[in-house]
Participant: 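Before I ask anything, let me first share the structure, which is written out below as structure tokens.
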Amino acid sequence: MTALQHVKLGTYYVVHMPEPDDFAFWRERARQLVQCDVPPDRVAWVEPGGNGSLFSHGDKRLPVPEDENRVIRASKRFLTLARNVAHHSDPERFSLLYAMLWRLQSNPRILEDKADNQVRRLEDMDKAVRRDAHKMHAFVRFRMVETEGGGEHYVAWFEPDHHIVRREAGFFVRRFANMHWSILTPKGCIHWDGETLRESGPAQKSDAPQGDPAEDLWRKYYASIFNPARLKIGAMLKEMPRKYWKNMPEAALIPELVAGAQKRESDMVDAGSLEFEDRPETLGAIDKAIHACRKCPIGSLDNQAVMGEGPADASLMIVGEQPGDQEDQAGKPFVGPAGQVLDAALETAGIERRETYVTNAVKHFKYVQRGKRRLHQSPTAKEIDVCRWWHEAERAIVKPKVVLAMGASAARAMLGKTVSISKARGEPIALEDGSELWVTAHPSYLLRLDGDAKAEQERLFAADLAAVKERLAELAE
Ligand code: URA
């Protein structure tokens, strides 16, 4: 029987998948079956190499729908999930997806039911596939092989848990476009010669080279960037499971580096290299230094430090909490949705943003990764306190007359203690350097509200900005 045949046994249908990751094929057949009202328990989805012999006789065609235009419900969310789950190695994935598609026809919101067993299983599969792809991006290590003509070909061995190799090829083509390389895996191989991507069948580990001189160099580099002060063994094992260590030259060093970490950390403290020395005296120097700051763990996430922005002699300094996703990408404060609320309120109050120095209490974006999204996490009191070093340095240079702290994190950053916004707002608080602190709500708080509560908070926010504008005018006289 060829891969493309579907076998009908009475009212029982079998779909033979041509490839283990062929989502488009599954989608087309699933649509056809739903249009013909074939319930999930009447269909078997058989992977290549799967046991289809149980169904090896009978009618060889799927039913043809009476109305090929009959609309099938499949939300965007479901399709995204299904496209990913199709790469999982669980032999039941296509049946499960079909069962979900079937249920979506009568309950379009079924995916929202987090207690539903099938929904949970699909979401777990989705996560597992993403994680596998992430591991492949991070842990493929090429070893150089000299070709007969004296050229260089790079070969890597990788053991994916799921059928992700073909799908992830694009990542490696983009990243190593000018190299000739092969990634060998037990689930199939991919090869790039600088122009064309080819595929071949499964390989064995012994097909891949076992080490080359470049690895010594890489090991030395890894040892030199390994920072014992940032060692979190649990997190490291989670990110870099032992399973991948054998293919990574630097992993041979890990036990030794971990064992020596404590001593190296105390040596670093003794040598003063864990602390920054003198406070930078120009905004440019602060900008440079914050990018290297690892005083708290936020700086070690995949983000960039975001420096304050505005004239170095501004009378008004506005302090927010921390950059958000968009600010992190742009490298500028308040350019995302909260920035738009702020800009609109400043305009209404008659305050020119370009005459204002806008900065944040915490310089790096703190988040948790959820799939492709990075979800904002509030900084802890300790993280805010550690970051005071930087905005105090900015304040010492800008010397604003008025500082407006937006939200509880910014207020804490300025005062060194937690205050309630509703109690602190509306009155100036004298700061040690002679400037005045005004406290208000954070614009993103307004974004989370609606109805009367939103209207009321917008009114209070506008009133706080108007008071700051008035105070600036008084101080300018
Ligand atoms: N929220 C903040 O507190 N700061 C920004 O820069 C953006 C959003």
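Just so you know, ligand 1 is whichever comes first in the structure, and atom 1 is the first atom listed for that ligand. Here the structure is a predicted model, which is why all the values come from computation and not from measurement.
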Participant: What do the steps show when you test Asp433 against Lys399 for salt bridge (charged side-chain N to carboxylate O under 4.0 Å, His left out), and what is the final call?
Facilitator: CA-CA 8 Å; Asp433 63 359; Lys399 298 191 177 58; over 6 Å; no

Participant: Please identify which atoms of ligand 1 are closer than 4.0 Å to at least one heavy atom of His442.
Facilitator: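 Listed by number with element, the hits are 1 (N), 2 (C), 3 (O).
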
Participant: Can you tell whether the side chains of Arg131 and Asp161 come within less than 4.0 Å, N to carboxylate O?
Facilitator: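 Answer for the salt bridge query: no.
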
Participant: Show me which atoms of ligand 1 lie under 4.0 Å from any heavy atom of Gly320.
Facilitator: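 What qualifies from ligand 1 is 3 (O).
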
Participant: Determine the interplanar angle of the Phe176 and Phe142 rings, folded into 0 to 90°, and report it as parallel if under 30°, tilted if 30 to 60°, perpendicular if over 60°.
Facilitator: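 Phe176 and Phe142: perpendicular rings.
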
Participant: Under 4.0 Å from ligand 1, counting heavy atoms only, is it the side chain of Gln322, its backbone, both or neither?
Facilitator: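 Within the 4.0 Å criterion, Gln322 contacts ligand 1 through backbone atoms alone.
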
Participant: Hey, are Glu123 and Lys114 close enough for a salt bridge, meaning a charged N less than 4.0 Å from a carboxylate O?
Facilitator: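 Salt bridge flag = yes for Lys114 with Glu123.
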
Participant: Check each of Glu327, Met406, Lys363 against atom 7 (C) of ligand 1 and report the one with the nearest heavy atom.
Facilitator: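 That would be Glu327.
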
Participant: Non-hydrogen atoms of Lys332 versus ligand 1: any pair closer than 4.0 Å?
Facilitator: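 No, that is not the case, since the closest heavy atom of the residue is not under 4.0 Å from the ligand.
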
Participant: Do the charged groups of Glu19 and Arg166 touch, with an N to O distance under 4.0 Å?
Facilitator: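 Result for this pair is yes, salt bridge flagged.
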
Participant: Between Phe334 and ligand 1, does any nitrogen or oxygen pair lie at a separation below 3.5 Å?
Facilitator: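 Indeed, backbone or side chain, Phe334 has an N or O that close.
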
Participant: One residue to check: Glu321. Relative to ligand 1, which of side chain, backbone, both or neither has a non-hydrogen atom less than 4.0 Å away?
Facilitator: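 For Glu321, backbone and side-chain atoms both sit under 4.0 Å from ligand 1.
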
Participant: With side-chain hydrogen bond (donor to acceptor under 3.5 Å, both in side chains) as the criterion, how do His391 and Thr359 come out once you've worked through the C-alpha distance, each side chain's angles and the decisive distance to 0.1 Å?
Facilitator: CA-CA 8 Å; His391 58 82; Thr359 192; over 6 Å; no

Participant: Centroid-to-centroid, His87 to His162, below 6.0 Å?
Facilitator: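 So the answer is no for these two rings.
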
Participant: Near Asn360, which atoms of ligand 1 are under 4.0 Å from a heavy atom of that residue?
Facilitator: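 Every atom of ligand 1 under 4.0 Å from some heavy atom of Asn360: 2 (C), 3 (O), 4 (N), 5 (C), 6 (O).
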
Participant: Which of the numbered atoms in ligand 1 are below 4.0 angstrom from a heavy atom of Pro333?
Facilitator: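 Checking each atom against Pro333, I get 6 (O).
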
